[in-house]
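Contents: one structure, followed by commentary.
Atoms within a ligand are numbered from 1 in the order they appear, just like the ligands themselves.
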Amino acid sequence: MTIDKQLPSTRTTELDSICLKAEVIPVLAIQRVEDAVPLAKALVEGGIMVLEITLRTDCALEAIRRIKEALPHVSIGVGTVLTPAQYRLAEQVGADFVVTPGTTEALYRYGVESPVPMLPGVATVSELMVGWQYGYRRFKFFPAEASGGVKALKAFAGPIAEARFCPTGGINLDNADDYLALNNVMCVGGSWLTPKSLVDAGDWNAIRRLAREVADRFHH
Ligand code: 3PG
């Protein structure tokens, strides 16, 4: 096992440039494949350029394919990747990056070799230390609120000052500012940009307005 292997520095640069485009990344679990393109379009028209689409639903891969084709300039993170096999599927549908809720040694190893960068999910210093040894410097902090939130991230900055995070899990309009104010937070993610009631109702205008509000408030 090549524990000390460093990721090419371009990998961190790639993740940074994706996250810089989006202080807030919507986390989507698309239930109906026909919602994929109108939902993504509403978010993009509202000013959101990076989306995380989770593999939690049966139509997720087809939804990603359709969005990539309709909106090729949008950066797509494929989320809820639990295994190297799912990582490979994410590569095949054209993921710009992969997001995992937690990590395994197998995922860390796969990610080091993959052409698609990974934002590995960590909740503790120990998990962070394992990722660090593999060369990872950018992480998802999940589930953020349940794992100590802002206080935990401030504490992580002591021993591992170079690590940067995209916290998700329990983040919303009320607390996003507290996270984004931290030096080790590059962006935040969450499902709050796409409330289920609006998606189920196909109310793309309301989603566009919400995206616009979020983009105006948080994006550079
Ligand atoms: C994720 O996978 O990042 C979370 O499901 C998003 O968490 P939230 O629903 O609390 O925003």
Legend entry - Chi angles and distances behind the side-chain contact (heavy atoms from CB on, under 4.5 Å) call for W204, D35: CA-CA 9 Å; W204 313 128; D35 289 345; 3.7 Å; yes
Legend entry - Ring centres under 6.0 angstrom apart (F141, F156): yes
Identify all pairs of nitrogen or oxygen atoms, one from ligand 1 and one from the protein, separated by less than 3.5 Å, and list them with distances.
from	atom 1	to	atom 2	distance (Å)
ligand 1	2 (O)	R56	NH2	2.4
ligand 1	2 (O)	K140	NZ	3.4
ligand 1	3 (O)	K140	NZ	2.8
ligand 1	3 (O)	T168	OG1	2.7
ligand 1	5 (O)	R56	NH1	3.3
ligand 1	5 (O)	R56	NH2	3.4
ligand 1	9 (O)	S191	OG	2.5
ligand 1	10 (O)	G170	N	2.7
ligand 1	11 (O)	S191	N	2.8
ligand 1	11 (O)	S191	OG	3.2

Inset, instruction - Examine the side chains of E127 and T103 and answer whether a donor and an acceptor come within less than 3.5 Å of each other. - result: no
Inset, instruction - Check the side chains of K21 and S75 for a donor-acceptor pair under 3.5 angstrom, ignoring hydrogens and angles. - result: yes
Inset, instruction - Please determine, by modelled atom types, if E145 and Y179 share a side-chain donor-acceptor pair under 3.5 angstrom. - result: yes
Inset, instruction - Tell me yes or no: between the side chains of T80 and R56, is some donor less than 3.5 Å from an acceptor? - result: yes
